[in-house]
**Q** 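Take a look at the following structure, please.
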Amino acid sequence: MDAFKLLKELRVNYEQEAHYLPKETGLRLIESTTEDDSRISAKCRDAKVEDLWSLTSFFGYSTQTFVLAVNLLDRFLAMIRIQPKHLSCVSVSCLHMAAKVTEEECNLAPPVELIRIGQCRFTASDLCRMEKIVAEKLNFKSTAVTALTFLDLYHQIALLDCTDRKAILSLEKLEAQLKACLCRISFSKAKPSVLALSLLRQEIHAVQSEDMLEIARHIQRHLKITDVELRLWSERVARCLSDYSSPECSKPNHRKLQWIVSRRTAQNLHSYRTVPGLPTIPEHCWDESESEDSCEDVMSSGEESLSSSLGSDAEGPYFPLHLRRQHLHA
């Protein structure tokens with residue numbers, strides 16, 4: 001795609017991004033909620049987004065899936081007041097909805113697998129009903145304009161126009177930095193175009209390329225992003241990434257997920273070369289006090305719970321398809 005078409009696509013997405021922003025009043029309400037309140041707090045939301053990041057990594061889903069899932073989650077939370085006990089069902093529903101849009105059908109994890117791996121206390125039927133509610137409230141039909149949309153376009157433009165071949169911008173690194181920012185609800189208030197440009201400028205300063213910095217300025221002028229707005233979010237991005245890179249920061253890690261599996265299942269999983277070490281958690285150690293109650297309006301009460309449905313060997317296609325295929329071809 002040439003520069004003219006890229007800039008045209010950039011402008012079209014810029015004009016549409018406002019339609020996919022969470023309501024700022026709803027986000028502020030979440031940020032002002034205390035931990036002992038009956039509503040979702042910022043800390044609770046951020047922790048759930050980190051869980052989605054871990055699930056995304058485990059199932060081999062793309063960054064696009066994760067970013068879209070977070071966008072759906074934030075838009076729903078900013079619109080509908082839900083209780084903390086329902087947050088898991090809403091978040092996993094958003095992840096499954098996003099995956100159905102962005103992933104190949106053969107790579108989709110069945111709902112029961114998302115529930116099992118995520119140690120959730122609702123059923124596949126609950127998940128399906130919640131998806132319908134989220135889709136109806138958000139009028140969701142396809143995808144959304146997100147910061148990743150702009151990050152990809154910015155990266156293409158930078159590579160196309162840059163004459164400094166020594167300056168290399170890693171899209172993978174930029175995507176990882178975006179995911180780190182999205183784990184904080186404050187960045188959900190940023191315009192996707194501005195957040196993406198802030199990340200791009202941060203990386204351009206890191207590679208010290210004046211050529212690419214001029215390209216970033218050209219993009220800023222093209223989208224008419226003010227210096228004040230860009231400076232504000234660039235500073236917040238810099239602080240976030242600095243905090244995230246510190247050893248004290250607890251980062252999402254799918255290797256640290258705990259699984260509801262028997263000893264034999266865990267031993268079978270260890271046979272996969274690409275599989276991280278999975279600690280065995282005996283089924284009888286499940287702490288009922290930490291489990292989620294069923295939703296009054298959404299969650300089913302008559303269906304068998306996940307923990308009671310597990311057999312002694314936790315039967316069923318357990319591991320993600322993409323990892324099973326790697327093992328078969330190994």
Side-chain angles (χ1 to χ4, degrees), residues 18-56 66-98 111 114-115 118-123 125-140 144 146-147 179-192 195 236 240 243 249-252 257 287-301 305-306:
H19 300 300
Y20 302 98
L21 281 173
K23 292 183 178 179
E24 191 165 342
T25 52
L27 293 177
R28 287 177 178 171
L29 185 62
I30 295 174
E31 289 181 313
S32 65
T33 300
T34 59
E35 289 300 303
D36 55 354
D37 204 315
S38 61
R39 297 176 301 191
I40 302 298
S41 66
K43 185 176 181 180
C44 187
R45 175 269 179 198
D46 292 352
K48 194 55 61 178
V49 170
E50 291 181 358
D51 289 344
L52 289 183
W53 187 349
S54 296
L55 285 172
T56 301
F66 171 76
V67 173
L68 178 57
V70 175
N71 177 265
L72 293 174
L73 177 63
D74 284 337
R75 286 160 59 194
F76 187 78
L77 294 181
M79 179 185 297
I80 306 296
R81 175 175 173 174
I82 69 169
Q83 298 180 37
K85 63 183 179 181
H86 301 156
L87 183 56
S88 286
C89 189
V90 174
S91 62
V92 176
S93 296
C94 290
L95 178 62
H96 194 229
M97 291 170 63
L114 288 172
I115 294 170
Q119 288 193 8
C120 304
R121 299 288 291 178
F122 50 83
T123 68
S125 296
D126 296 328
L127 186 68
C128 182
R129 283 192 291 274
M130 185 61 80
E131 284 186 39
K132 291 179 180 178
I133 292 173
V134 174
E136 179 183 346
K137 294 297 183 182
L138 301 182
N139 194 26
F140 178 72
T146 66
K179 288 189 283 190
C181 289
L182 292 181
C183 286
R184 299 187 179 186
I185 193 173
S186 58
F187 286 98
S188 299
K189 293 184 290 187
K191 291 180 181 178
L195 177 55
R236 293 181 179 181
C240 175
D243 293 342
C249 178
S250 178
K251 303 174 181 61
L257 287 178
D287 186 357
E288 294 293 342
S289 65
E290 295 180 356
S291 65
E292 293 190 350
D293 299 328
S294 59
C295 294
E296 290 89 358
D297 300 324
V298 180
M299 311 293 275
S300 63
S301 58
S305 68
L306 176 64

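All heavy atoms count here, side chains included; hydrogens, waters and symmetry mates do not. In this chain, residues are counted from 1 in sequence order.
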**Q** Starting at CE of M130, measure out to SG of C94 and round the result to the nearest 0.5 Å.
**A** 9.0 Å
**Q** Please identify each residue that fulfils salt bridge (charged side-chain N to carboxylate O under 4.0 Å, His left out) with R75, with sequence neighbours left out.
**A** none
**Q** Between I115 and T123, which heavy-atom pair has the shortest distance, and what is it?
**A** CD1-C, 3.4 Å
**Q** Mind checking the NE2-CG spacing from H96 to L55? Nearest 0.5 Å is all I need.
**A** 12.0 Å
**Q** Can you measure from CD1 (I40) to OG (S91) and round to the nearest 0.5 angstrom?
**A** 9.5 Å
**Q** Any ion pair linking D46 and K43 (charged N to carboxylate O, less than 4.0 Å)?
**A** no
**Q** Within a strict 4.5 Å, meaning less than it, do heavy atoms of the C240 and R236 side chains meet?
**A** no
**Q** Using the salt bridge (charged side-chain N to carboxylate O under 4.0 Å, His left out) criterion, which residues pair with K189? Sequence neighbours excluded.
**A** E31
**Q** Which residues satisfy the salt bridge (charged side-chain N to carboxylate O under 4.0 Å, His left out) test with R39, sequence neighbours excluded?
**A** D37
**Q** Restricting to non-hydrogen atoms, name the atom on F76 and the atom on L138 that form the minimum distance, rounded to 0.1 Å.
**A** N-CD2, 3.9 Å
**Q** Heavy atoms only: give me the nearest L127-C89 pair and the separation to one decimal.
**A** CD1-O, 4.0 Å
**Q** Could you tell me if the side chain of Y20 sits less than 4.5 Å from the side chain of T146, heavy atoms only?
**A** no
**Q** Looking only at heavy atoms, which two atoms of R45 and I185 are closest? And how far apart?
**A** NH1-N, 3.2 Å
**Q** For K132, is there an ion pair with E136 - N to carboxylate O distance below 4.0 angstrom?
**A** no
**Q** Is there a side chain to side chain contact (heavy atoms under 4.5 Å, CB included) between V92 and D51? Walk through the geometry before answering.
**A** CA-CA 9 Å; V92 176; D51 289 344; over 6 Å; no
**Q** What distance separates L72 CG from M97 CE, expressed to the nearest 0.5 Å?
**A** 5.5 Å
**Q** Kindly compute the distance separating CH2 (W53) from CG (L182), expressed to the nearest 0.5 Å.
**A** 9.0 Å
**Q** Quick one: pull up CG in L195 and SG in C181 and give me the separation to the nearest 0.5 Å.
**A** 5.5 Å
**Q** Work out which heavy atom in K191 is nearest to a heavy atom in L21; give both atom names and the distance.
**A** CA-CD2, 4.4 Å
**Q** So which heavy atom on L27 is nearest to which on D74, and how close?
**A** CD2-O, 4.4 Å
